[in-house]
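Worksheet: one structure, shown below.
In this text, all values refer to a predicted model and were calculated from it rather than measured experimentally.
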Amino acid sequence: MAAIGILARLPAAPLRDRVMGVPVTPITARRFQNFRANRRGFWSLWIFLAMFLTSLFAEFIANDKPFLVYYDGGVYMPIFKAYPEAAFGGEFLTEADYRDKVVAKLIGEKGWMAWPAVRFSFDTVNLNLKGAAPTPPSAENPLGTDDQARDVLARVIYGFRISVLFGLVLTILSSIIGVIVGATQGYFGGRIDLIGQRLIEIWQGMPTLYLLIILASIVVPSFWWLLGLLLLFQWTGLVGVVRAEFLKTRNFDYVRAARALGVSDPAIMFRHMLPNAMVATLTFLPFILSGSVTALTSLDFLGFGLPAGSASLGELLNQGKNNLHAPWLGITAFIVLSVMLSMLVFIGEAVRDAFDPRKTFR
């Protein structure tokens, strides 16, 4: 009775807390506090998001076309639509070359153009170089040009975007497949688990890189084709983690009670058991994302990645290897990749600390 009286006089814990104005459970609030406590991972997340969101508007940052043209009372947006030179008082019906001095003079007589900060796209060839390509950094090309006279800064911006987008799509799709396979093995167990594990062990033992090189050399690679090839071998990363969580919880009392009440197996797996497995799964996602980006960069470096001419960090690394007299190529690609992958690792460490039960329930 005395213990009950002491507990009754204790202040009641709030059922809800708020994080950035959004009501959340106390456990979620504590996990967010643990994530913020890891300053390196917390600021890496914001810096990475700022870089990624900025790269999504690459056409407005680095382009060989103005994003806005005002001419003779009309407004034109060449980024979204191709306009002929005749629309601005020229003679040709082909698309206007806004970098041409004649076209610029025609537009300047009756209007103006708003240019991006970098007046080159990832595939724009600078025909006004003062020397043979690759040229060192200058006022016109802050990071220099590559061996095909293309602006390195523009290629870095577009290459960063396509690398992150490729990694995100590959991570999401491979995680979905891995979670479904791991949940099925862990929940049903028995022969399904035994046969599934043997097949996965055989699949993981295959020489992935050599198979990717062989498959990529058979067909002309594209974004989605390359994504499908990497997805064939990337989905096994989360199977073991999810399988272990489902094997641990398949005999818990709430699972047995749900079975006794006649709840279907998919409902038990993905409505009741999956939230427990997602805690361990989320801690692996940043590392899987960094591995996906590295895989694309490796294939591009070897020449079996994205189509020729695409903005690629791996292709920029290959140019740095082939042009040792132009160190700015290799140094730029190394710095961008090292910073991006380091931030992803720091974010993963912060997420791991946030979901660590020793810190959450301490």
Side-chain angles (χ1 to χ4, degrees), residues 50-165 220 222-223 300 306-313 315-316 318-320 323 326 328-329 332-333 336:
M51 295 173 61
F52 175 58
L53 293 177
T54 302
S55 67
L56 292 179
F57 302 93
E59 285 79 8
F60 294 89
I61 300 173
N63 208 321
D64 55 359
K65 303 176 184 178
F67 58 84
L68 185 65
V69 175
Y70 178 81
Y71 177 79
D72 197 16
V75 178
Y76 304 87
M77 301 191 72
I79 290 180
F80 301 108
K81 184 179 179 181
Y83 300 101
E85 182 180 321
F88 305 108
E91 300 178 356
F92 300 102
L93 297 178
T94 55
E95 184 178 1
D97 183 7
Y98 301 93
R99 297 174 56 85
D100 186 39
K101 295 181 179 179
V102 176
V103 177
K105 182 179 179 181
L106 290 173
I107 297 176
E109 292 175 352
K110 296 183 179 181
W112 46 266
M113 293 185 293
W115 283 90
V118 181
R119 298 192 178 189
F120 299 94
S121 185
F122 68 93
D123 56 352
T124 304
V125 178
N126 190 352
L127 301 176
N128 300 320
L129 295 178
K130 297 181 179 179
T135 57
S138 62
E140 187 179 18
N141 305 108
L143 296 180
T145 60
D146 61 3
D147 56 4
Q148 299 182 36
R150 298 171 299 191
D151 186 72
V152 174
L153 178 57
R155 294 187 64 81
V156 165
I157 296 173
Y158 284 87
F160 180 87
R161 181 177 67 176
I162 196 171
S163 297
V164 177
L165 287 176
V220 179
S222 63
F223 181 90
D300 288 336
L306 296 173
S310 302
S312 169
L313 299 177
E315 191 262 348
L316 187 61
N318 189 31
Q319 287 201 28
N323 298 276
W328 57 88
L329 298 176
T332 300
V336 173

Review point. Is the closest side-chain heavy-atom distance between D151 and S121 below 4.5 Å?
Key: no
Point to revise | Side-chain donor or acceptor of S138 paired with backbone N/O of N141 under 3.5 Å | key: yes
Review point. Under 6.0 Å from the six-membered ring centre of F120 and within 45° of its axis: does the NZ or CZ of R99 meet both?
Key: yes
Check your understanding: If every non-hydrogen atom of W328 is compared with every non-hydrogen atom of T145, which pair is closest and at what distance?
Key -> NE1-O, 3.3 Å
Check your understanding: Quick one: does N126's side chain get under 4.5 Å of T124's, heavy atoms only?
Key -> no
Exercise for review: Flag the pair Q319 / R150 as yes when at least one side-chain heavy-atom distance between them is below 4.5 Å, and no otherwise.
Suggested key: yes
Point to revise | Non-hydrogen side-chain atoms of Y158 and N63 separated by less than 4.5 Å | key: yes
Point to revise | Y70 OH to M113 CE distance, which is reported to the nearest 0.5 Å | key: 15.0 Å
Practice item. Rounded to the nearest 0.5 Å, what's the gap from NZ on K65 to OH on Y83? Could you check? Key: 10.5 Å
Exercise for review: Verify, without hydrogens or angle tests, whether S163 (side chain) and F160 (backbone) share a donor-acceptor contact under 3.5 angstrom.
Suggested key: no
**Study point:** Heavy-atom closest contact (I61 atom, P116 atom, distance)
**Key:** O-CB, 3.3 Å
Practice item. Hey, could you give me the CZ/CZ distance between F67 and F57, rounded to the nearest 0.5 Å? Key: 13.0 Å
Revision key, fill the gap. Heavy-atom closest pair (D146 atom, A133 atom, distance to 0.1 Å) is O-CB, 3.4 Å
Practice item. Give, for atom CD1 of I157 and atom CD1 of I162, the distance between the pair rounded to the nearest 0.5 Å. Key: 14.5 Å
Exercise for review: Look at the rings of Y71 and F88 and say which category their plane angle falls in: under 30° parallel, 30 to 60° tilted, over 60° perpendicular.
Suggested key: perpendicular
**Study point:** F60 atom CZ, neighbour heavy-atom count above 12 within 6.0 Å
**Key:** yes
**Study point:** E140 and K130 ion-paired at < 4.0 Å
**Key:** no
Check your understanding: For the atom pair CG (L56) and CE (M51), what is the distance rounded to the nearest 0.5 Å?
Key -> 12.0 Å
Review point. Just wondering, do L68 and W112 contact through their side chains at under 4.5 Å, heavy atoms?
Key: yes
Check your understanding: How many angstroms lie between CG in L106 and CG in D72, if you round to the nearest 0.5 Å?
Key -> 12.0 Å
Point to revise | Nearest heavy atoms of A86 and L93, plus distance in Å | key: CB-CD2, 3.9 Å
Review point. Sub-3.5 Å donor-acceptor pair from the side chain of D300 to the main-chain atoms of L306, do we have one?
Key: yes
Study note, to complete from the structure: Between P142 and P137 the two heavy atoms that sit nearest each other are O-CB, 3.1 Å
**Study point:** Closest contact, heavy atoms only, P66 versus P78
**Key:** O-CD, 3.2 Å
